[in-house]
J.: 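Before I ask anything, here is the structure I am working with.
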There are 2 protein chains.
Amino acid sequence: MYSGCMSTPERLIESTRELLWERGYVGTSPKAILERAGAGQGSMYHHFKGKPDLALAAIRRTADDLRATAERVLAGPGTPYERIEAYLLRERDVLRGCPVGRLTMDPDVIASEELRAPVDETIAFIRQRIAELVEEGKRQGQFAPGLDGEEIGAAVLATVQGGYVLARASGSPAAFDAGVRGLLSLLTPPATGKDR
Amino acid sequence: MYSGCMSTPERLIESTRELLWERGYVGTSPKAILERAGAGQGSMYHHFKGKPDLALAAIRRTADDLRATAERVLAGPGTPYERIEAYLLRERDVLRGCPVGRLTMDPDVIASEELRAPVDETIAFIRQRIAELVEEGKRQGQFAPGLDGEEIGAAVLATVQGGYVLARASGSPAAFDAGVRGLLSLLTPPATGKDR
DNA sequence: GTCTATATCACGATAGAC
DNA sequence: GTCTATCGTGATATAGAC
């Protein structure tokens, strides 16, 4: 519940973001948003056209956040492999799922071009960034030349998104970690240094 | 709409399965189920205790179906690699998503031990079967001995589940296929025969 | 078994007072 | 800008006729 320290539209957006993450678009009602934001009906319809409009603002912000978080790791220090590894191993609240990816299971989000767009753009962006890293790693001889950047990018992102599914199904983050370790073991560049 | 050729409880279960796949648990109302099944309110509450009870029957059947479909491929002919490949490449209605996996994004399903159980069991089963194939492949020298069956199983299943997310985000099955190809390119056993 | 009321509450939005 | 009615509809379940 956001009591003070934020403007009303801000509190509405943040409450919506939380609820979309927890319950999805279909499972999120204006009433629940208002209760969490500590606002009345009138406030919401004054600042936003309705539920879809508010959801769009919330989804855009969540999408931008996630993109920035991913970019921080993917553009960070280290070799291409190390940066992909850092992306896969970055701290996550696994059982909560992906705040962006979970929206793809929402029929009303998928049915709306506007609501789906930020989701699509975010996922496409991360996938593309990983693809670029793979291509760079190939040039450096870190990845096998036969690998396709776009395909590996898709596989990496899919492992993360699917990892959430496995974890939530089992009620434990362990399955997510197992999937990531499995992918990393397949992706590990052949040791070129002193060891082995 | 199921008009004839099925008993009423059967029509109710099948309608529920369809709607759970399309809209999830939260997005599926008894009214919508009844309309699709061509039944009245009384019928449903006569045969089932309520929405959760009917959903449980539907989820159980969908889970059993999926498990059988997967087992048919995983226990099929071919080397371990070929059987995993066949599982990954098996025909799918990608944009509809996974009828079992999508339930993990449903807050009410995850909150209910009973509803989550069939989902968990199905996913654990498939993951375990792939793990066994990897171990078998390792013994045959088809996979690197350093690979962990359970981890690769998780990675394979996660790639599939995440592939649905990528595909639905972009509105095209292409991303699913790319992820699968990417994983297969990482998993491909080193050619041991005449070539290379 | 199946049907049609009916009940109760929530949903999503609007109107208008303050 | 924010609030409290109020509206029409749908969700979920029960009651009781047939």
Side-chain angles (χ1 to χ4, degrees), chain A residues 1-59 103 105-112 114-115, chain B residues 1-59 103 105-112 114-115:
Chain A
M1 224 276 232
Y2 297 103
S3 17
C5 76
M6 255 183 186
S7 70
T8 299
E10 207 60 22
R11 276 178 358 246
L12 288 168
I13 291 178
E14 290 303 316
S15 299
T16 305
R17 291 179 64 190
E18 288 180 6
L19 282 163
L20 285 179
W21 195 354
E22 290 168 23
R23 307 194 41 85
Y25 183 87
V26 171
T28 296
S29 69
K31 192 189 177 193
I33 294 170
L34 297 172
E35 272 167 17
R36 191 169 294 214
Q41 297 257 88
S43 280
M44 168 174 153
Y45 285 100
H46 175 75
H47 295 286
F48 301 94
K49 287 200 287 284
K51 179 182 168 178
D53 189 42
L54 175 51
L56 180 58
I59 291 175
L103 297 171
M105 293 303 143
D106 235 302
D108 291 7
V109 171
I110 292 305
S112 154
E114 254 196 325
L115 293 181
Chain B
M1 227 277 234
Y2 296 103
S3 18
C5 76
M6 255 182 186
S7 71
T8 298
E10 207 59 23
R11 276 177 0 245
L12 287 168
I13 291 177
E14 291 302 316
S15 299
T16 305
R17 291 180 62 191
E18 289 180 6
L19 282 163
L20 285 179
W21 196 353
E22 291 167 23
R23 306 195 40 85
Y25 183 87
V26 171
T28 296
S29 69
K31 191 188 178 194
I33 294 169
L34 296 171
E35 271 168 16
R36 192 171 293 214
Q41 298 257 87
S43 281
M44 167 175 154
Y45 286 99
H46 175 75
H47 295 286
F48 301 93
K49 286 200 287 283
K51 179 182 167 179
D53 189 42
L54 175 50
L56 179 59
I59 291 175
L103 297 172
M105 293 304 142
D106 235 302
D108 292 6
V109 172
I110 293 304
S112 155
E114 253 195 325
L115 293 180

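Within every chain, numbering begins at 1; the chains are lettered A, B, ... in the order of the sequence lines, protein sequences first and strands thereafter.
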J.: Write down the atom of B/Ala58, the atom of B/Leu20, and the distance for their closest heavy-atom approach.
T.: CB-CD1, 4.0 Å

J.: Mind calculating the distance between CG (A/Leu19) and C1' (C/dC11) to the nearest angstrom?
T.: 14 Å

J.: Return the polar atom pairs (N/O with N/O) between nucleotides 7-9 of chain D and the protein under 3.5 Å, or none.
T.:
none

J.: Starting from P on C/dC9, measure out to CD on A/Glu35 and report it in whole angstrom.
T.: 15 Å

J.: Return the CZ to CG distance between B/Arg11 and B/Leu34, rounded to the nearest 0.5 Å.
T.: 10.5 Å

J.: Which residues pass the side-chain contact (heavy atoms from CB on, under 4.5 Å) test with B/Leu56, sequence neighbours left out?
T.: B/Arg60, B/Glu114, B/Leu115, B/Pro118

J.: Return the value, rounded to whole Å, for the distance between atom CG of A/Leu34 and atom P of C/dA10.
T.: 14 Å

J.: At 10 degrees resolution, what angle do the end axes of the helix from C/dG1-D/dC18 to C/dC18-D/dG1 form when each is taken over five base pairs?
T.: 10°

J.: State, to 0.1 Å, how close A/Ile13 and A/Ala57 come at their nearest heavy-atom pair, and which atoms those are.
T.: CD1-CB, 4.0 Å

J.: So, OP1 or OP2 of C/dT2: does either fall under 4.0 Å of a side-chain N or O from B/His46?
T.: no

J.: Tell me: CD1 of A/Ile33 to P of C/dC11, nearest whole Å?
T.: 10 Å

J.: B/Arg23: what forms a salt bridge (charged side-chain N to carboxylate O under 4.0 Å, His left out) with it, not counting sequence neighbours?
T.: A/Asp108

J.: Got a second to check how far B/Leu103's CG is from A/Met105's CE, nearest 0.5 Å?
T.: 10.5 Å

J.: Starting at atom NE2 of A/His47, determine the distance to atom P of C/dA13, rounded to an integer number of angstrom.
T.: 16 Å

J.: For each nucleotide in nucleotides 11-18 of chain D, reading 5' to 3', give B when a protein heavy atom comes within less than 4.0 Å of its base, S when such contact involves only the sugar-phosphate, and - otherwise.
T.: SSBB----

J.: Please output the side-chain donor-acceptor pairs of residues 37-51 of chain B that fall under 3.5 Å, not counting sequence neighbours, one pair per line with the distance.
T.:
{"from": "B/Lys51", "atom 1": "NZ", "to": "B/Tyr25", "atom 2": "O", "distance (Å)": "2.9"}
{"from": "B/Lys51", "atom 1": "NZ", "to": "B/Thr28", "atom 2": "O", "distance (Å)": "2.8"}

J.: Does the distance from a Lys or Arg side-chain N to an Asp or Glu carboxylate O, for B/Glu14 and B/Arg17, drop under 4.0 Å?
T.: yes

J.: Do you know the tightest heavy-atom contact between A/Val26 and B/Gly27?
T.: CG1-CA, 3.5 Å

J.: Starting at CD of B/Glu10 and ending at P of C/dG1, how long is that distance when rounded to a whole Å?
T.: 15 Å

J.: To the nearest 0.5 Å, what is the distance between CG (A/Leu54) and CG (A/Leu12)?
T.: 6.0 Å

